[in-house]
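In what follows, residues are counted from 1 in the order of the sequence shown. Source: prediction; values computed, not measured.
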Amino acid sequence: MLKQYLQFKLSQKLSPQQIQLMKLIQLPTQAFEQRLKQELEENPALDTGKESDAAEDAYDEFDNSQDEYDDNDTIDAGDINVDDYLSDDEIPDYRTHANNYSADDDEKSIPYAAGTSFTQHLINQLNTFRLNEQEYEIAVFLVGSVNESGYIRREISDITDDLAFTQNVFTTDEEVEKVLQIVHQLDPAGVGARDLQECLSIQLQRKEQHPDVELAAKIIDTAFEQFAKKHYKKLLQKFSITEDQLKDAIEEIERLNPKPGGSYAGNNRMVEHVVPDFAIKIVDGELELTLNGRNAPELHVSREYNNMLKGYKESKEKTKAQKDAVMFIKQKLDAAKWFIEAVRQRQQTLFVTMSSIMHYQKDYFLTGDERQLRPMILKDIADEIEMDVSTVSRVANSKYVDTPYGTKLIKEFFSESMTNDQGEEVSTREIKKILETVIEEEDKKKPLTDEKLAKILKEKGYPIARRTVAKYREQLDLPVARLRKEL
């Protein structure tokens with residue numbers, strides 16, 4: 001009997017409008033604009049800009065007089081597979097329209113990087129070298145093997161085999177290696193390297209030579225492991241140099257680019273420009289929230305399509321072809337009205353959710369001090385605005401807010417809580433910020449171990465274990481003490 005209860009699965013049928021709304025809520029501003037554009041292209045009964053209510057009134061009048069056809073164009077919610085959608089959260093029951101929108105209606109196109117591709121940029125440079133036909137084909141193949149960071153991560157023998165099988169170029173590992181040295185002369189310096197050591201070595205070879213650069217090259221070529229692990233005492237002994245000489249050589253290395261491919265802007269990939277979905281400003285000491293105006297388009301059903309229905313209603317003779325045509329028109333108008341309502345509810349959901357988050361984290365938004373962030377989980381906001389947790393998650397995970405302290409991903413304001421030595425609940429974000437500050441202010445010649453960091457945090461009133469310190473440090477992308485050491 002118990003087994004039967006455990007296997008029972010509650011299924012919920014969602015209306016098409018609920019499904020449409022769930023999909024729309026999760027879209028950030030730019031993706032929403034693309035979705036809106038798609039809907040406008042696919043449904044000629046949907047229009048943008050201001051329009052009087054007369055057209056919709058005509059549609060409503062027609063709608064009420066066409067009961068005999070209504071069964072033909074409705075969508076049965078029982079046909080919908082809930083698993084095809086993100087979740088089955090409850091949709092809030094509201095239809096009001098908020099007016100808090102910014103006037104940011106410009107720059108509606110997604111920006112792209114201009115210029116030729118990174119690969120083409122490298123191939124263009126090959127034309128400045130004296131290469132025979134086979135060498136050129138090998139060079140082009142090598143350039144095509146360069147990844148986004150500027151490296152060739154494949155073995156020479158594998159490249160030789162691929163040249164034979166895919167390009168019908170029969171060569172040797174030695175000839176490929178020889179051509180690779182030519183690729184190493186291309187810009188940006190370091191491109192085509194097989195690992196970080198070779199990448200840094202190539203760049204140092206091309207720098208103007210002086211004692212600091214020459215020492216840096218020796219360190220990279222003959223003592224890369226000791227350098228990477230910051231075993232400075234071993235380097236001082238190996239090269240019989242002073243601490244100042246080592247420091248100057250390391251400064252030369254730190255000026256190099258570990259990812260030469262990333263320095264080329266014309267790689268023809270889409271540039272990820274974040275468009276804030278909300279803006280928070282401080283006006284007379286109070287917080288003011290606006291939703292990006294691009295999320296609040298003016299939509300209405302097409303007057304032309306309504307006129308078609310009106311013409312059909314007034315005609316005395318109604319043929320079967322006319323009836324079929326009018327049902328198509330009515331379906332498009334239903335879809336348009338349906339989409340308009342979903343967009344309105346999306347606007348309201350976004351604004352209500354962000355407004356609640358803003359007031360919950362009021363101290364942070366007024367000061368910009370991350371230590372003022374209160375512990376906050378999705379359920380805190382969901383309970384306050386009486387929506388489902390997954391609805392709040394859709395808003396938080398993909399939306400950005402422009403604040404006086406920069407553009408932030410909304411989900412960053414959420415954090416778990418822990419209890420300090422005073423018995424008060426504090427945000428884990430607050431602890432991470434204090435940890436980050438302690439590491440910034442440490443003596444870099446003697447960096448603090450995780451155990452010492454845990455002791456300092458305990459003294460500050462945050463009793464957390466060493467392994468928790470290590471976890472937070474890794475989340476902050478900070479290396480272990482040994483790798484933070486400086487001369």
- If you draw the axis of the six-membered ring of Y151, does the NZ or CZ of R153 fall within 45° of it and under 6.0 Å from the ring centre? yes
- Message: Strictly below 4.0 Å, N to O, side chains only: are K444 and E442 in salt-bridge contact?
- Response: yes
- Drop me the distance from L457's CG to T468's OG1, to the nearest 0.5 angstrom. 10.5 Å
- Item | Point-to-point distance, once rounded to the nearest 0.5 Å, from CD1 of I253 to CD of Q203 | 11.0 Å
- Task: Can you measure from OG (S356) to CD (E386) and round to the nearest 0.5 angstrom?
- Result: 11.0 Å
- Query: Is a side-chain N or O of D277 found less than 3.5 angstrom from the main chain of Y400, in a donor-acceptor match?
  - Reply: yes
- Task: Considering only NZ, NE, NH1 and NH2 on the basic side and carboxylate oxygens on the acidic side, decide whether D402 and K281 come within less than 4.0 Å.
- Result: no
- Measure the shortest side-chain to side-chain distance between Q125 and L122 over non-hydrogen atoms and say whether it is less than 4.5 angstrom. yes
- Item | Side-chain donor-acceptor contact under 3.5 Å, T367 with Q372 | no
- Mind checking the CD1-CD spacing from I456 to E451? Nearest 0.5 Å is all I need. 11.5 Å
- Taking atom CZ of R255 as the centre, report whether more than 12 heavy atoms of other residues, nucleotides or ligands fall under 6.0 Å from it. yes
- Residues R294 and T29: closest non-hydrogen pair is CB-CG2, 3.8 Å
- In this structure, NE2 of H121 is separated from CD1 of I123 (nearest 0.5 Å) by 11.5 Å
- Note on the structure: For A336 and V301, the nearest pair of non-hydrogen atoms, with its separation, is CB-CG1, 3.9 Å
- Where do L289 and M358 come nearest, in terms of heavy atoms and distance? CB-SD, 3.7 Å
- Message: Treating T48 as the side-chain partner and E298 as the backbone partner, does any N or O pair qualify as donor plus acceptor under 3.5 Å?
- Response: no
- Message: Check D383 with K379, please: is the shortest side-chain N to carboxylate O separation under 4.0 Å?
- Response: yes
- Answer yes or no: is there a side-chain heavy-atom contact under 4.5 Å between L350 and F278? yes
- Task: Could you tell me whether R466 atom CZ has more than 12 heavy atoms of other residues or ligands within 6.0 Å of it?
- Result: no
- Run the salt-bridge test on D363 and R374 with the 4.0 Å N-O cut-off and return the result as yes or no. no
- Mind checking whether K411 and L409 have side chains closer than 4.5 Å, heavy atoms only? yes
- Note on the structure: Smallest heavy-atom separation, Y405 atom then I282 atom, equals OH-CD1, 3.6 Å
- Do Q38 and Q34 have side-chain N/O donor and acceptor atoms under 3.5 Å apart? no
- Query: Any donor-acceptor pair under 3.5 Å linking the side chain of S145 with the backbone of F141?
  - Reply: yes
- Item | Under 3.5 Å: donor-acceptor pair, side chain of N292, backbone of P276 | yes
- Query: Roughly how far apart are L24 CG and R344 CZ, rounded to 0.5 Å?
  - Reply: 14.0 Å
- Query: Below 4.5 Å, heavy atoms only, C-beta onward: do I202 and E198 meet side chain to side chain?
  - Reply: yes
- Any side-chain heavy atom of P258 within less than 4.5 Å of one from L196? yes
- Residues forming a side chain to side chain donor-acceptor pair (under 3.5 Å) with S393, sequence neighbours excluded: N397
- Query: Sub-3.5 Å donor-acceptor pair from the side chain of Q347 to the main-chain atoms of N295, do we have one?
  - Reply: yes
- salt bridge (Lys or Arg N to Asp or Glu O under 4.0 Å) between D450 and R467, intermediate numbers included: CA-CA 8 Å; D450 290 342; R467 63 180 179 275; over 6 Å; no
- Task: For the pair K460 (side chain) and I434 (backbone), establish whether a donor and an acceptor sit closer than 3.5 Å, ignoring hydrogens and angles.
- Result: no
- Ion pair check, K432 and E436, cut-off under 4.0 Å: no
- Item | Minimum side-chain heavy-atom gap I357-M376 below 4.5 Å | yes
- Query: When you look at L453 and V438, which way does the side chain to side chain contact (heavy atoms under 4.5 Å, CB included) test go after all the steps?
  - Reply: CA-CA 8 Å; L453 288 169; V438 170; 3.7 Å; yes
- If only atom types and distance count, is the side chain of N43 paired as donor or acceptor with the main-chain N or O of L40 below 3.5 Å? no
- Query: Can you check whether L36 reaches F339 side chain to side chain, under 4.5 Å on heavy atoms?
  - Reply: yes
- Could you tell me whether the side chain of F414 reaches within less than 4.5 Å of the side chain of V392, counting heavy atoms only? yes
- Determine whether more than 12 heavy atoms belonging to other residues, nucleotides or ligands lie under 6.0 Å from atom NZ of K452. no
- In short, A189 meets P260 closest at the heavy-atom pair O-CB, 3.5 Å
- Query: Got a donor-acceptor contact below 3.5 angstrom from the R346 side chain to the L27 backbone?
  - Reply: yes
- More than 12 foreign heavy atoms under 6.0 Å from CD of E251: is that the case here? yes
- Would E341 and K337 satisfy salt bridge (Lys or Arg N to Asp or Glu O under 4.0 Å), going step by step from the backbone distance to the final call? CA-CA 6 Å; E341 183 57 32; K337 295 184 79 172; over 6 Å; no
- Task: Could you label the plane-to-plane angle of the F413 and Y364 rings as parallel, tilted or perpendicular, counting under 30° as parallel and over 60° as perpendicular?
- Result: tilted
- Kindly determine whether H300 and L46 satisfy side chain to side chain contact (heavy atoms under 4.5 Å, CB included), including the steps that lead there. CA-CA 6 Å; H300 61 269; L46 184 66; over 6 Å; no
